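Comments concern the structure below.
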2 protein chains.
Amino acid sequence: MNSFTEENYLKAIYKLIEKSGSSVSTNAIAEKICTKAASVTDMLKKLSDKKLINYQKYQGVTLTSKGEKVALSVIRKHRLWEMFLLEKLDFKWDEVHDVAEQLEHINSDKLIEQIDKFLNYPKFDPHGDPIPDANGKIQVQKSKSIAHFIKNDVIVMTGVVDHSPAFLQYLDNTGLALGDEIKIKEVVFFDRSLQIIINKKSTIFISNDVAKNILAIKK
Amino acid sequence: MNSFTEENYLKAIYKLIEKSGSSVSTNAIAEKICTKAASVTDMLKKLSDKKLINYQKYQGVTLTSKGEKVALSVIRKHRLWEMFLLEKLDFKWDEVHDVAEQLEHINSDKLIEQIDKFLNYPKFDPHGDPIPDANGKIQVQKSKSIAHFIKNDVIVMTGVVDHSPAFLQYLDNTGLALGDEIKIKEVVFFDRSLQIIINKKSTIFISNDVAKNILAIKK
DNA sequence: AAATAAATTTAGGGTAGTCTAAAAACTATT
DNA sequence: AATAGTTTTTAGACTACCCTAAATTTATTT
Ligand SMILES: [Mn+2]
Ligand SMILES: [Mn+2]
Ligand SMILES: [Mn+2]
Ligand SMILES: [Mn+2]
């Protein structure tokens, strides 16, 4: 089995590769995990010995298929637990992440399959991120940040880029939630801020900074 | 906060004190935790520094009220998680313990209070053990092993002494479960084995060894 | 092609927790 | 009271993970 720490490294590497589309650097991992480069190098050697990553000194890191499997399993557990907390225990979407960071390391196949069943096999987590299935398969969604849409587009909110409680609470206050219909009423030219209509009811203004962190698809 | 390991030591000490009614020895802890006496001594020093136990070299150990609070919180979490697994995720009573050993260390007040609420504030776990409330209060049950009852007593099964999957599965096979009514039909003189009637239906024989591990109260 | 800057690794060390073997302290027996 | 046996503690070492500081390698400028 892999330790807690090893799982966190693999998950971090997976997410960095996912975002950048290429191999990841020691420093990038250090920053993501909030640790020092020297510690990362130590761990990379260990993960490489265990054949979980492809690593050659100074050359950056990718996951082996074995390592990717572990990473996807941790991500699956994280997102299923987030969903469980939200749906069954009345957590808010800004409260689920920290607890899921702990729960994702619980090791029991039966447990996670039963949670999945209990939730009726959800495909997406409370933040709109896809939940890998038991085989690690992910259902991709071709959503874009709403900063990329144009006037009069009618779209559906499908996710967030920034997962911080502060941002999620801000969205709560504006009344924006996953699944909402958004109509782009106006794009302000000089700062790209938006005037949007939520669910054909309330009209609000959001900055381009906020818009970039909201994901949606054409309706 | 306390580490996993510290929590496990405190829980072990609590249970040993509960069973023996007195202070516990280094060796007893080592056996309970499946570790060596030298390791226990190290940890006792640390727990003593943190004012979680009362410890003087060679004199045995008791819990401070601070240490007892931690132990009871871990036990509360363990038993609530066992109940959750049984009630909501279709685990059997012989499957819940190992997973609860991991889940008991998850640190989130909101999580455990919501689990408690979700289960409708159960007072006992799947093995009949009492679940401490949020303040550490335990509801005591004055049950005795059924080896202590006599011919024609009508009793209700309330718990088990042996928690091993092997014993629990044996009980499943005999058809015995918590809450069952048991009538002592016969006590065999030479080996103290019992003939009992379960729920006024099936009659079975159990050895004294088994009887000693089943707890019940007079109906 | 050097020289400089940035990224990465190595060296050496720290804490938490574990172990074995040996010393010290209690306990029981004569 | 001395001896033998048991329990507990100490000494010293190991693994996992982390750190700082120094050395090394790679990347960028000149
Ligand atoms: Mn999360
Ligand atoms: Mn999420
Ligand atoms: Mn248990
Ligand atoms: Mn139990």
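Owing to the predicted nature of the structure, the values given are computational and were not obtained by experimental measurement. Atoms considered below: every heavy atom in the structure, side chains included; atoms not considered: hydrogens, waters and symmetry mates.
The side chain of K45(A) places an N or O atom within less than 4.0 Å of a non-bridging phosphate oxygen (OP1 or OP2) of dT10(C).
Residues forming a salt bridge (charged side-chain N to carboxylate O under 4.0 Å, His left out) with D90(B) (at least two apart in sequence, or on another chain): none. For F4(B), the ring-ring contact (aromatic ring centres under 6.0 Å, His included) partners two or more places apart in sequence, or in a different chain, are H105(B). The ring-ring contact (aromatic ring centres under 6.0 Å, His included) search around Y170(B) returns none, not counting sequence neighbours. Qualifying side-chain contact (heavy atoms from CB on, under 4.5 Å) partners for A134(B), counting only residues two or more places apart in sequence or in other chains: R76(B), E113(B). Not counting sequence neighbours, the partners of K212(A) by the salt bridge (charged side-chain N to carboxylate O under 4.0 Å, His left out) test are D209(A).
Taking a 4.0 Å limit (strictly below) on heavy-atom distances, residues 2-26 of chain A reaches DNA chain D at S3(A), T5(A), Y9(A). Contacts with DNA chain D (heavy atom under 4.0 Å) in residues 48-60 of chain A: Y58(A), listed by number. Near DNA chain C, meaning a heavy atom under 4.0 Å from it, residues 33-44 of chain A has A37(A), A38(A), T41(A) in order of number.
Distance, N27(B) CG to dG5(D) P: 18 Å, rounded to whole Å. The separation between E31(B) atom CD and dT7(D) atom C1' is 14 Å, rounded to whole Å.
Classified by interplanar angle (parallel below 30°, tilted 30° to 60°, perpendicular above 60°), the ring pair F118(B)/F84(B) is tilted.
For residues 55-68 of chain A, the pairs satisfying side-chain hydrogen bond (donor to acceptor under 3.5 Å, both in side chains) are N54(A)-T62(A), with sequence neighbours left out. For residues 12-27 of chain B, no residue pair satisfies the salt bridge (charged side-chain N to carboxylate O under 4.0 Å, His left out) rule, not counting sequence neighbours. Residue pairs meeting the salt bridge (charged side-chain N to carboxylate O under 4.0 Å, His left out) criterion with at least one partner in residues 103-112 of chain A, sequence neighbours excluded, are K11(A)-E104(A), K110(A)-E95(B).
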Side-chain donor/acceptor pairs under 3.5 Å, residues 28-39 of chain B, sequence neighbours excluded:
none

